[in-house]
Amino acid sequence: MLTPLLITPPVTTYVEYLNLSYRPDLRMVVLRWLRDASLPELQAAHQAALELALRHSAVFWFIDVRRRQVVNNTHTRWVADEFLPYAAALLPSNKLRIAYFTSPGRQHITNSDPEMQLTIMRAQSPSQPYRLRSFLDEASAMAWLLDA
């Protein structure tokens with residue numbers, strides 16, 4: 001006798017600037033930015049993502065920033081230096097892994113800004129209590145997250 005497969009639908013929250021969901025099949029939090037965001041919006045979105053991750057003990061985060069056109073080092077520093085270390089300390093086993101799915105144009109801007117490069121190097125340092133990488137394709141990002 002076959003046991004029926006239980007499929008749990010994703011938990012999804014949508015605001016005008018963000019689609020936030022939890023993928024139970026992958027135990028993953030997914031943030032898909034729909035437009036550029038102010039610092040308060042960025043902070044609120046990350047707090048909501050953390051609450052969702054804590055509710056499900058999710059340490060894999062996929063963040064799609066392709067629709068965000070403005071590259072802002074103040075925002076990046078807040079995420080890398082303040083928010084992610086805080087989130088990593090609250091999540092199970094300090095194994096937070098974040099994959100950023102970015103566009104080639106955004107990647108070019110990021111690579112062209114020396115201050116942004118320093119922030120990203122610091123964010124990707126092995127000394128951080130989290131692991132972070134950027135990707136230009138979703139399949140590679142998912143493979144890296146799930147290979148943990």
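Small disclaimer: the values here were computed from a predicted structure and weren't measured. Heavy-atom basis, side chains included; hydrogens, waters and symmetry copies ignored.
Connection of Leu136 to Tyr100 is not established within any shared hydrophobic cluster, with ILVMFWY side chains joined at heavy-atom distances below 4.5 Å, either directly or through further cluster members. No chain of hydrophobic side-chain contacts below 4.5 Å, direct or via other Ile, Leu, Val, Met, Phe, Trp or Tyr residues, connects Ile109 to Trp33. Under the 4.5 Å side-chain heavy-atom criterion for grouping Ile, Leu, Val, Met, Phe, Trp and Tyr, Ile120 is not connected to Phe135 through any hydrophobic cluster. Transitive grouping of hydrophobic side chains (ILVMFWY, heavy atoms separated by less than 4.5 Å) keeps Leu118 and Leu84 in distinct clusters. Under the 4.5 Å side-chain heavy-atom criterion for Ile, Leu, Val, Met, Phe, Trp and Tyr, Leu18 and Trp78 are members of the same hydrophobic cluster.
Summarising the geometry, atom CZ belonging to Arg133 is positioned 14.0 Å from atom OG1 belonging to Thr102; distances are rounded to the nearest 0.5 Å. Expressed to the nearest 0.5 Å, how far CD1 of Ile98 lies from CZ of Phe60 amounts to 11.0 Å. Taken to the nearest 0.5 Å, the CG atom of Asp64 stands 6.5 Å off from the CD atom of Glu138. Note that CZ of Arg97 and CG of Leu146 are 9.0 Å apart. Values are rounded to the nearest 0.5 Å. Atom OG of Ser127 is separated from atom CZ of Arg122 by 10.0 Å, given to the nearest 0.5 angstrom. Taken to the nearest 0.5 Å, the CG atom of Leu52 stands 12.5 Å off from the CE atom of Met28.
Closest approach of Ser134 to Gln107, counting heavy atoms only: CB-OE1, 4.0 Å. Considering every non-hydrogen atom in both Pro92 and Ser57, the closest pair reads CG-CB, 3.8 Å. Across all their heavy atoms, Pro85 and Pro129 have their closest contact at CA-CG, 3.9 Å. A pairwise comparison of heavy atoms in Pro24 and Tyr22 identifies CD-O, 3.1 Å as the closest pair. Closest of all the heavy-atom pairs between Val29 and Ala58 is CG2-CB, 3.9 Å. Between Ala87 and Leu50, the shortest heavy-atom contact is CB-CD1, 3.8 Å.
Among Thr74, Asp81, Asn73, the one residue that satisfies the side chain to side chain donor-acceptor pair (under 3.5 Å) test with Thr119 is Asn73. A side-chain contact (heavy atoms from CB on, under 4.5 Å) with His75 is found for one member of Val79, Asn72, Val71 and no other, namely Asn72.
The shortest side-chain heavy-atom distance between Arg35 and Gln69 does not fall under the 4.5 Å cut-off. Within the 4.5 Å cutoff, no side-chain heavy atoms of Tyr130 are placed close to those of Lys95. The shortest distance between side-chain heavy atoms of Leu91 and Trp61 falls below 4.5 Å.
By the 30° and 60° cut-offs, the orientation of the rings of His46 relative to Phe83 is perpendicular.
Side-chain atoms of Glu41 come within 3.5 Å of backbone N or O of Ser38 as a donor-acceptor pair. When atom types are taken as modelled, the side chain of Tyr17 and the backbone of Leu42 share no donor-acceptor pair closer than 3.5 angstrom.
Shown here are the ring-ring contact (aromatic ring centres under 6.0 Å, His included) partners of Phe101, two or more places apart in sequence or in another chain: Phe62.
Within the structure, salt bridge (Lys or Arg N to Asp or Glu O under 4.0 Å) contacts touching residues 103-120 (residues at least two apart or in different chains) are Arg77-Glu115.
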